[in-house]
S.K.: 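After the structure tokens below, expect a handful of questions from me.
Each chain gets a letter, A, B and so on, in the order its sequence line appears, and its residues count up from 1.
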Number of protein chains: 2
Amino acid sequence: MAIEHAILVSLSEKSATGYDLARRFDASIGHFWRATHQQIYKVLARMDEQGWVKSEATKRGGRLDKKTYSITDPGAKELLRWTQSPSSPEVMRSDFAVKLRGFVDSDSIREDATTRLESYREMLAFYEESERKFYPDPAKIKDSARGAYLALRGGILLAQGNIAWCEEVLAELNSERR
Amino acid sequence: MAIEHAILVSLSEKSATGYDLARRFDASIGHFWRATHQQIYKVLARMDEQGWVKSEATKRGGRLDKKTYSITDPGAKELLRWTQSPSSPEVMRSDFAVKLRGFVDSDSIREDATTRLESYREMLAFYEESERKFYPDPAKIKDSARGAYLALRGGILLAQGNIAWCEEVLAELNSERR
DNA sequence: CAAGACATGTAACTGGTTACATGATTCG
DNA sequence: CGAATCATGTAACCAGTTACATGTCTTG
């Protein structure tokens with residue numbers, strides 16, 4: 001139950017339409033929490049009912065108005081409550097690990113590891129680029145940006161962990177081949 | 001859609017009741033894929049219908065018989081098919097990262113990071129203990145155990161990544177305090 | 001004026017969690 | 001004989017995905 005809170009975080013930075021949020025979930029916030037536009041619209045409607053967000057409609061020609069959502073006081077209060085309560089540890093769910101456990105065919109594993117390695121490397125490159133661009137001097141990070149910086153660092157460290165894993169898998173499989 | 005496959009992996013190692021599987025999901029396999037007994041029973045019933053597993057019932061006094069499940073040929077075939085098809089990359093979903101992005105209160109973050117650090121350290125200690133116990137000499141690992149070993153290595157590498165992340169968060173927050 | 005981005009949704013479904021319910025077997 | 005463990009499930013719900021549907025606005 002955290003997509004609500006991811007939306008609240010995003011809206012607390014800047015009001016947005018569902019569409020805007022969906023794009024943010026494709027980029028920045030989405031590196032830590034994926035969501036489709038369908039889900040976002042559904043959740044926004046619920047949050048509106050709960051009073052965590054409010055929407056301002058802009059009339060358009062057709063039936064559906066454009067709605068700009070912003071966070072309300074109860075929404076901000078809920079966000080604070082959530083950030084102050086302990087987070088439950090993530091449930092580990094790794095297809096790849098299950099596949100390894102059921103190990104039958106080196107070639108498929110090798111292929112899979114190669115693809116994953118590539119995508120984690122891309123991810124890492126992207127994060128490191130962001131780091132260089134936005135936080136060239138870690139000592140000079142503003143208090144307001146510290147959280148986002150630490151989230152980015154998490155992305156980097158976890159991507160590195162995954163890269164190391166894939167590399168080890170590939171090395172092990174290749175040594176087996178001999 | 002991988003709990004089926006996690007169950008198939010587990011049953012391919014040894015036939016079991018739903019209850020047994022639930023316990024395995026609390027231990028070994030469960031480090032990579034969590035599941036509750038309710039879910040396991042539900043999925044087992046579906047898999048039985050599909051013909052991926054079969055069950056042998058042992059009469060007991062009461063209404064509900066004890067059922068021992070084993071993998072069938074079609075089940076083994078499906079497992080093979082699954083291991084040979086590329087796995088989709090995990091969707092990242094981290095409460096903690098979202099929390100960091102919405103950074104408001106250092107104390108709560110610090111508390112959360114401390115708890116997480118502790119649990120990841122415990123996890124790492126457990127994995128490393130397993131590694132020492134079951135794979136003291138990596139060069140001597142049997143082919144049949146290689147997959148399980150590499151899955152364990154993944155657990156270790158990811159736990160280390162998470163630990164590094166928590167440590168960095170704590171270091172950063174403490175330097176902020178000055 | 002066409003293409004692509006902007007914008008909002010419904011419906012059906014799959015996957016997973018939480019709460020509740022029941023009874024058998026084993027062991028101290 | 002009581003507690004713990006073994007054993008199986010239902011029901012209600014929450015979360016997330018995939019497919020489908022519709023129309024507007026901007027820009028070359």
S.K.: Would you say Arg46(B) places a side-chain N or O within less than 4.0 Å of OP1 or OP2 belonging to dT14(C)?
M.R.: no
S.K.: What's the closest nucleotide to the side chain of Gln39(A) if the choices are dT10(C), dT17(D), dT18(C)?
M.R.: dT17(D)
S.K.: Where the side chain of Lys66(B) is concerned, which of dA7(D), dG16(D), dT17(D) is the nearest nucleotide?
M.R.: dA7(D)
S.K.: Between Arg24(B) and Lys14(B), is there a side-chain heavy-atom distance shorter than 4.5 Å?
M.R.: yes
S.K.: Can you name the residues that form a salt bridge (charged side-chain N to carboxylate O under 4.0 Å, His left out) with Arg93(B), not counting sequence neighbours?
M.R.: none
S.K.: Does any non-hydrogen side-chain atom of Tyr149(A) lie less than 4.5 Å from one of Glu131(A)?
M.R.: yes
S.K.: List for me each residue that meets side-chain contact (heavy atoms from CB on, under 4.5 Å) alongside Asp137(B), sequence neighbours excluded, and say none if there are none.
M.R.: Ala139(B), Lys140(B)
S.K.: Using residues 120-129 of chain A as the side-chain source, report each donor-acceptor pair under 3.5 Å to any protein atom, sequence neighbours left out, with the distance given to one decimal.
M.R.:
from	atom 1	to	atom 2	distance (Å)
Arg121(A)	NH2	Glu167(A)	OE2	2.7
Glu129(A)	OE1	Arg132(A)	NH2	3.2

S.K.: Could you state the atom-to-atom distance from CE of Met47(B) to C1' of dG15(C) in whole Å?
M.R.: 14 Å
S.K.: Once you round it to whole Å, what is the distance between C1' of dT8(D) and CG of Asp48(B)?
M.R.: 14 Å
S.K.: Is it the case that the side chain of Thr115(A) and the backbone of Glu111(A) share a donor-acceptor pair, with hydrogens and angles ignored and the cut-off at 3.5 Å?
M.R.: yes
S.K.: For the backbone of Arg23(B) and the side chain of Asp26(B), can you confirm whether one donor and one acceptor N or O come within less than 3.5 Å of each other?
M.R.: no
S.K.: Categorize Lys67(A) for me: base, sugar-phosphate, or nothing, with a 4.0 angstrom heavy-atom threshold over every strand shown.
M.R.: sugar-phosphate
S.K.: Any sub-3.5 Å donor-acceptor pair from Thr72(A)'s side-chain atoms to Trp52(A)'s backbone N or O?
M.R.: yes
S.K.: With nearest nucleotides of DNA chain D determined for Arg34(A) and His37(A) from heavy-atom distances, which residue corresponds to the more 5′ nucleotide?
M.R.: Arg34(A)
S.K.: Which residues pass the side-chain contact (heavy atoms from CB on, under 4.5 Å) test with Ser87(B), not counting sequence neighbours?
M.R.: Asp95(A), Lys99(A), Asp112(A), Arg116(A)
S.K.: Whole angstrom is fine here: how far is it from CD1 in Ile40(A) over to P in dT8(C)?
M.R.: 11 Å
S.K.: Which ones in residues 17-27 of chain A lie close to DNA chain C, meaning a heavy atom under 4.0 Å from one of its atoms?
M.R.: Thr17(A), Gly18(A), Tyr19(A), Asp20(A), Arg23(A)
S.K.: Spell out, as yes or no, whether a donor-acceptor pair under 3.5 Å connects the side chain of Ser10(B) to the backbone of Ala6(B).
M.R.: no
S.K.: Without decimals, in angstroms, what is the distance between Asp65(A) CG and dT24(D) P?
M.R.: 12 Å
S.K.: Distance criterion of 3.5 Å, no angle test: do you see the side chain of Lys42(B) paired donor-to-acceptor with the base of dT17(C)?
M.R.: yes
S.K.: Rounded to the nearest angstrom, tell me the gap between atom CD in Glu49(A) and atom P in dC14(D).
M.R.: 12 Å
S.K.: Figure out the CD/P separation between Glu56(B) and dA7(D), and round it to whole Å.
M.R.: 15 Å
S.K.: Which of the following nucleotides, dG9(C), dG16(C), dT17(D), is nearest to the side chain of Gln38(A)?
M.R.: dG9(C)
S.K.: Give the angle between the helix axes at the two ends of the helix from dC1(C)-dG28(D) to dG28(C)-dC1(D), taking five base pairs at each end and rounding to 10°.
M.R.: 30°
S.K.: Atom NE2 of His5(B) and atom P of dG16(C): how far apart are they, to the nearest Å?
M.R.: 12 Å
S.K.: Is any side-chain nitrogen or oxygen of Tyr41(A) closer than 4.0 Å to OP1 or OP2 of dG9(C)?
M.R.: no
